[in-house]
Amino acid sequence: MKRSTIVQVLVWCAALVLGASACSGHGEPGGHSGTASPRPLTGTQLVIATGVDVTGKNGIRKRLVDAWNELQEKENSPYRARAVILPGSADLQRSQLLAALQSGSSGYDIVNLDVTWVAEFAAAGLIRELPEEYADDGDVLAKAAATARWKGKVYAAPYNSDVGLLYYRRDYLVGGAGIDEKKSGALTTGHTMWGGVASLMDAVDAWARTDKTDKSKSYRSAWTSQLSPYEGLTVNGTEAFASAGVRLTGEDGAYAASPDELEKGVAEFRRRTENPHTLDDAFESDEAATLKDFAEGRTAFLRHWPYAYRTLHAALGDDKLGVAPLPGTAVLGGQDLAVAANPAMPEARVRKARELVRFLTDKTSERCLLDAGFAATRTSAYTDPGVTCDDHRAAPSAAASSEGSGGDMPRDRFQRPLYAQDTLLPALQAAVLRPHTPFYGAFTHAFTTELSRLHTSAKTRSMSDADVAKELDTALRKVLPSG
């Protein structure tokens, strides 16, 4: 298959999984409607409500559920599990789950929640409290564990994590702009700030303007990211604000910033986006569009999630692709598993649902998730050679060759993704959470609305950072409780 065809196929596949990038909806926290009777959950089939698996049709999540079902058969248990794939974007999925759980008519035993939804569903009484060890048993990454709590109680188990990463084109930096391999390789140390990346962008821009070969014919701008007015913009904005030292909410979800602090965040966000380095299409782009632009050579840098690594490596190979921690501060994403709070669930069924959650998030399953391309939530998946995906949980069959043959990615001597321990794990440990609040839907709507005006409104573009910060402060105070 031609390389261009591979890129088209992979990008088309990526377009099916936009909900994987930790998105959230635009609404107020839900509550029990009080008008519908809970639907009795009978029988022995446990239903998991989830979004599309980014690892494919027969992806690792499905194979883990199949492995649990095989275990139940061996133990002569009547219980089996199946996943129900929720249609639409993550915003729509959140709305569907809220409506279904509030009405008591969903029939869902377990729900796979974006990490930003846990507080909302917990505050609304839609998911059950879980034992402490479901979030933190000494192995779960601290930041991932924090996403599963609300007001000091555990309501979910971290399933897979996520964090912003910086992808770059080696062929443009080294083979094109002639940047020293050591200088471009310094990106992987995690100590490079945006100023350092900007100098590399300048060098690539200069080369592309003067290059007379076909190597730069597709190149348009130095970098792209998800700047369309949806959750992608919230993530990029939060990363800029956090890099400027701005904390938007406290641990209790109350608004914690001031106009003066917001001004620093606005300035940093503008510095990253209002410059000649940013691809014009970025302001209308989501995960699939930015991945396509980068893979097809229109940019030298891309901010994206870990799942993109396997896709991009298959399209570009080692000679063209590099990956590094995101300069500055990156935002944590991911999904957590929670047990529905339907009071009609028999206690035996609740216990079995909890057992399934534990199985899907234990050490072996987390290693399987990592091997397949997800960011695991457990330290052992990255560091413990004794933790492997080898107990019949359908480990990925891709080759472990460092050449990444067969569409696989490079792996270390323990068969983990090669970049997992030195790049992905430190990025997850250093990441920051988005506002942890039951009003997250309202927050993200207000935040993206104000930031998007910097690129869609001539009036807002001409405003000072201080004036933009004042308007943002007003908008956030309307939707978040005061500290």
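Basis for what follows: all heavy atoms, side chains included, without hydrogens, waters or symmetry-related copies.
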Is it the case that atom CD in Glu284 sees more than 12 heavy atoms from other parts of the structure closer than 6.0 Å? no
Within this structure, what is the [atom1]-[atom2] distance for the pair [X] and [Y], rounded to the nearest 0.5 Å?
X	Y	atom1	atom2	result
Thr423	Leu418	OG1	CG	8.5 Å
Tyr309	Met409	OH	CE	8.0 Å
Asp171	Ser216	CG	OG	11.0 Å
Arg170	Leu187	CZ	CG	9.5 Å

Quick check on the 6.0 Å ring-centre criterion: do [X] and [Y] meet it?
X	Y	result
His313	Tyr419	no
Phe447	Phe443	yes
Tyr172	Tyr219	yes

[Y] and [X] side chains, donor-acceptor separation under 3.5 Å:
X	Y	answer
Thr383	Gln421	no
Gln335	Asn112	no
Trp223	Thr278	yes

Electrostatic pair [X]:[Y] at N-O distance under 4.0 angstrom:
X	Y	answer
Glu268	Lys264	no
Arg272	Glu239	no
Arg94	Glu120	yes
Lys182	Asp180	no
Glu450	Arg453	yes

Among residues two or more places apart or on two chains, list those pairs meeting salt bridge (Lys or Arg N to Asp or Glu O under 4.0 Å) that have a residue in residues 465-474. Arg270-Asp465, Asp473-Arg477
Can you list every pair that meets salt bridge (Lys or Arg N to Asp or Glu O under 4.0 Å) and has a residue in residues 200-220, with sequence neighbours left out? Arg220-Asp281
Test side chain to side chain donor-acceptor pair (under 3.5 Å) applied to Thr147 and His436, step by step: CA-CA 8 Å; Thr147 69; His436 197 51; over 6 Å; no
Just wondering, do Trp305 and Leu165 contact through their side chains at under 4.5 Å, heavy atoms? no
Is any side-chain heavy atom of Phe241 closer than 4.5 Å to a side-chain heavy atom of Val266? yes
Apply side chain to side chain contact (heavy atoms under 4.5 Å, CB included) to residues Val65 and Ile48 and explain how you reach the verdict. CA-CA 10 Å; Val65 171; Ile48 307 167; 3.9 Å; yes
Which pair of heavy atoms, one from Val115 and one from Arg434, lies closest together, and at what distance? CG2-NH2, 4.0 Å
From the list Leu227, Asp293, Thr290, side chain to side chain contact (heavy atoms under 4.5 Å, CB included) with Leu279 holds only for Asp293
